[in-house]
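One structure below.
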Amino acid sequence: MKKGPKRHTLIAMLSLLAVLTSACSGSGGGTTTKPEEGKNEAPVALNIFANFSITQPPGPDNPVLKEFEKKTNTKLNMTWVSDPVFNDKLNVLLASGDLPDAIRLPDTTIPQFQTMVKQGAFWDLTPYLKDYKNLMDSPKAIWENTKVNGKNYVVPIVRPLEGGTTFFIRRDWLDKLGLKMPTTMDDLYNVMKVFKEKDLDGKKDIFGYTMRTHDQIEFIFTGASSKWKPVNGSLINIDLEPEMRDALLYKKKLFDEQLIPADFAVMKSNDITDLATTGRAGITTETIEAMWRWQYDQWKRDPKVNWEPIVSLEAKKGPFQQQNSGFIGVYAIPKSVPEAKMLKILSLLDFGATEEGHILSNYGIEGTHYKKEDGFYITNEQAVKDSLGPGAMGKLFMKHDPYMYAFAPGMPKEVFEKNKKIIDAKAKISIPRVEIGLFSETNNKLGADYTKKITDMKTQVTMGKVGIDAWDKFVADLKVDANYQKIIQEMNAAYKERLAAK
């Protein structure tokens with residue numbers, strides 16, 4: 001009997017379905033496909049659009065990528081895009097409608113993504129995620145921060161909620177001068193003054209504070225982790241609150257007394273770093289692991305240097321510490337992807353969130369990329385060559401580790417243990433960022449312009465180019481600005497919708 005084209009097509013379709021169904025079996029409950037399982041089955045090809053922030057991304061023959069493929073019976077066709085051009089490439093991709101199997105997004109507030117979700121263009125993963133134990137081991141707050149209309153359309157690329165940007169101080173200077181660790185903003189100001197007056201390292205133009213991420217001062221005064229603060233079930237914009245005025249006057253005092261660089265508003269990141277690492281400033285802000293890298297380099301010139309993170313500072317709102325978002329991006333799966341392949345992608349990401357997958361993506365293969373001593377992973381040049389760590393592989397596969405920011409290569413165990421205790425202390429008081437994932441159409445269109453105007457006005461007040469009365473008038477105008485008030489209304493509507501969905 002002659003076989004017609006329709007019969008060939010049907011056989012091919014059934015064969016593909018059998019492969020996909022077999023590939024995803026056992027993916028629930030955090031289990032993964034072992035190499036020996038389904039050894040006669042063809043690997044499932046997955047096209048993934050991802051980003052990288054290091055010199056080179058992993059190539060198609062990367063041994064760690066190959067190991068992931070072996071462990072999950074997949075063929076990973078990666079499109080790696082560098083961070084500087086990623087958003088532009090993403091916008092073109094979303095507009096094209098020709099989507100890969102999994103897409104990395106910076107967050108869920110991308111307007112085109114929001115529109116496509118409403119159109120049913122992406123999988124609602126909510127009913128499936130409960131079967132992926134390792135993914136669901138991440139804190140609930142991270143999953144809440146990445147919901148859209150109360151549902152999980154994305155898988156977050158997890159990072160710790162604690163241990164992000166915080167104030168650091170030269171502990172060796174404090175000890176030498178007999179000063180206590182500051183706990184209030186008044187304490188911090190007094191320490192800045194003494195640091196400048198004493199100039200312990202004998203530098204010219206010594207400053208108390210580098211002014212790196214000085215919006216932290218505003219957050220401490222207002223008791224908020226972002227410009228949006230929850231009060232009695234609603235969101236208020238802290239720029240319109242009287243405590244913001246107090247924060248600006250505090251900054252102006254630092255400027256007037258030359259405790260901060262006069263050109264702070266135009267300084268480049270490297271210039272700010274240099275102030276701290278050359279002994280010209282005694283206070284700065286940074287993440288714990290990044291500050292260690294600064295100190296490690298500074299030790300080569302002065303082994304007495306000791307930068308210590310400050311657990312918290314307070315103005316009028318009590319001890320404050322900002323909480324991180326808990327993610328550095330998300331992955332979404334288009335609805336055009338068959339259900340079996342969608343489940344396979346979840347299984348792949350779930351394996352990446354296991355201890356084994358976490359070690360693979362961050363440290364590589366033992367003997368090839370690292371050796372383990374005293375509980376630490378000591379990586380070699382091959383690990384750098386193969387693009388391991390959070391700059392590429394860790395943007396695809398990552399297990400939630402609450403102490404990830406407490407450690408950096410070269411750090412002694414006693415410093416790591418001390419940093420863990422500081423992170424634990426911060427966790428007891430940290431304030432969540434409630435605005436994450438909330439969407440305002442008006443903010444999307446006009447928010448950048450308002451942000452620039454507000455930032456410029458704050459800088460002018462700090463530098464004394466305009467008086468505080470100019471700020472008062474500026475705030476009064478924002479309170480009657482129809483578009484600005486519409487942003488506040490839309491953010492509140494999104495916030496209350498989220499609360500109702502819990």
Charged N-O contact under 4.0 Å between [X] and [Y]:
{"X": "D187", "Y": "K180", "value": "no"}
{"X": "R171", "Y": "D175", "value": "yes"}
{"X": "K193", "Y": "E257", "value": "yes"}
{"X": "D101", "Y": "K344", "value": "no"}
{"X": "E286", "Y": "R212", "value": "yes"}
{"X": "K71", "Y": "E356", "value": "yes"}
{"X": "D424", "Y": "K420", "value": "no"}
{"X": "K251", "Y": "E218", "value": "yes"}

Could you check whether the rings of Y189 and Y250 sit parallel, tilted or perpendicular, using 30° and 60° as the cut-offs?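 If you compare the ring of Y189 with that of Y250, the planes turn out perpendicular.
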What about the rings of W292 and W299, do their centers lie closer together than 6.0 Å?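 Ring centroids of W292 and W299 are less than 6.0 Å from each other.
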Is any side-chain heavy atom of L135 closer than 4.5 Å to one of L349?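 The answer is yes; the side chains approach within 4.5 Å.
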Show your reasoning for whether ring pair (Phe, Tyr, Trp, His ring centres under 6.0 Å) applies to F122 and Y331. CA-CA 11 Å; F122 288 94; Y331 278 99; over 10 Å; no
side-chain contact (heavy atoms from CB on, under 4.5 Å) between F113 and V154: does it pass, once the steps are laid out? CA-CA 11 Å; F113 176 69; V154 299; 3.7 Å; yes
